[in-house]
Amino acid sequence: LTDGNAGGGIGVVLVYRCPDGSTKTKEIATTVLDVFPNFAPQDVARVRNPLAEIAAAYVALSALVEGTVVTVVHDYEGTGPLVTGRWTARDEALRMAVERCQWGIYEGRLRVVFRHTSGHQSAMGGDEIAAYNARADALATAAVGRSAE
């Protein structure tokens, strides 16, 4: 699961389903400016959440080994449509982030499916996706807090 926030925070929870049925996770908390150091703080301020959401997808895709088949679950409606080209990024920084995702998919020979989920939904009742989404959100928030220190 991937999540980004308006402050430029990025949270990623990678979930691997083992052949024996067990689950392994890896968590990543970082910021747009750490991932894309050539971007300026104004880029984050201007594009806000969409830029962080696309950067989160990029971080997740970059963590995969070549040839991986993956479902990227995201709570920003535009993540999948932007990366697959169904939507057009009009902002230059956002377009650059989308292109980095597309290049990462191509270069890594990744087979990617994007799946939208509702954000900020309750994880009560055993909804695994909601629980991972809440964790990705918390990681994104923590990343912004660390970068402000």
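Here, residue 1 is the first one in the sequence, and each next residue gets the next number.
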*Asks:* In Å, rounded to the nearest 0.5 Å, how long is the span from CG of Asp127 to CG of Asn133?
*Replies:* 9.0 Å
*Asks:* Side chains of Phe36 and Met96: does their closest heavy-atom pair fall under 4.5 Å?
*Replies:*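 When only atoms from C-beta onward are counted, Met96 and Phe36 do not touch, as no gap falls below 4.5 Å.
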*Asks:* If Ile, Leu, Val, Met, Phe, Trp and Tyr residues are connected whenever their side-chain heavy atoms lie under 4.5 Å apart, and connections chain through other members, are Val13 and Leu64 in the same group?
*Replies:*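 In one cluster: no.
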*Asks:* Test of understanding: clusters of I, L, V, M, F, W, Y form through side-chain heavy atoms closer than 4.5 Å, transitively. Do Val59 and Val83 belong to the same one?
*Replies:* yes
*Asks:* Around Glu27, counting heavy atoms of other residues, nucleotides and ligands shown, do more than 12 lie under 6.0 Å from its CD?
*Replies:*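 Check passes, neighbour count above 12.
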*Asks:* Find out if a path of hydrophobic residues (ILVMFWY) with successive side-chain heavy-atom gaps under 4.5 Å connects Val35 to Phe39.
*Replies:* yes
*Asks:* Quick check for you: to the nearest 0.5 Å, what is the distance between Glu53 atom CD and Leu82 atom CG?
*Replies:*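 Here the interatomic distance stands at 10.5 Å.
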*Asks:* Is the side chain of Arg86 donor-acceptor paired with the backbone N or O of Pro81 at a distance under 3.5 Å, no angle test?
*Replies:* no
*Asks:* For the pair His74 and His116, name the ring-plane relationship: parallel under 30°, tilted 30 to 60°, perpendicular over 60°.
*Replies:* tilted
*Asks:* Could you tell me the separation between the CZ atom of Arg135 and the CG atom of Asp3, rounded to the nearest 0.5 Å?
*Replies:*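 Taking CZ in Arg135 and CG in Asp3, the distance rounds to 12.0 Å.
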*Asks:* Hydrophobic clusters here meaning ILVMFWY residues chained together by side-chain heavy-atom distances under 4.5 Å, can you tell me if Val32 and Val12 are in one?
*Replies:* yes
*Asks:* More than 12 heavy atoms of other residues, nucleotides or ligands under 6.0 Å from CZ of Arg111: yes or no?
*Replies:* no
*Asks:* As an exercise, state the distance from CD1 of Ile10 to CG of Leu139, rounded to the nearest 0.5 Å.
*Replies:*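 These two atoms lie 11.5 Å from each other.
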*Asks:* Hey, could you give me the CG/OG1 distance between Asp137 and Thr2, rounded to the nearest 0.5 Å?
*Replies:*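 Taking CG in Asp137 and OG1 in Thr2, the distance rounds to 11.5 Å.
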*Asks:* Tell me whether Glu99 at atom CD has more than 12 heavy atoms from other residues, nucleotides or ligands lying less than 6.0 Å away.
*Replies:*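 Yes, enclosed.
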*Asks:* In terms of hydrophobic clustering (I, L, V, M, F, W, Y; side-chain heavy atoms under 4.5 Å; direct or indirect links), are Val73 and Tyr58 co-clustered?
*Replies:* no
*Asks:* Please find the pair of heavy atoms, one from Leu14 and one from Ala63, that lie closest to each other, and give the distance.
*Replies:*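 Minimum heavy-atom separation between Leu14 and Ala63: CD1-CB, 3.6 Å.
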*Asks:* Specify the closest pair of heavy atoms between Ala52 and Asn5, including all atoms of both residues, with the distance to one decimal.
*Replies:*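 Result for this residue pair: CB-O, 3.3 Å.
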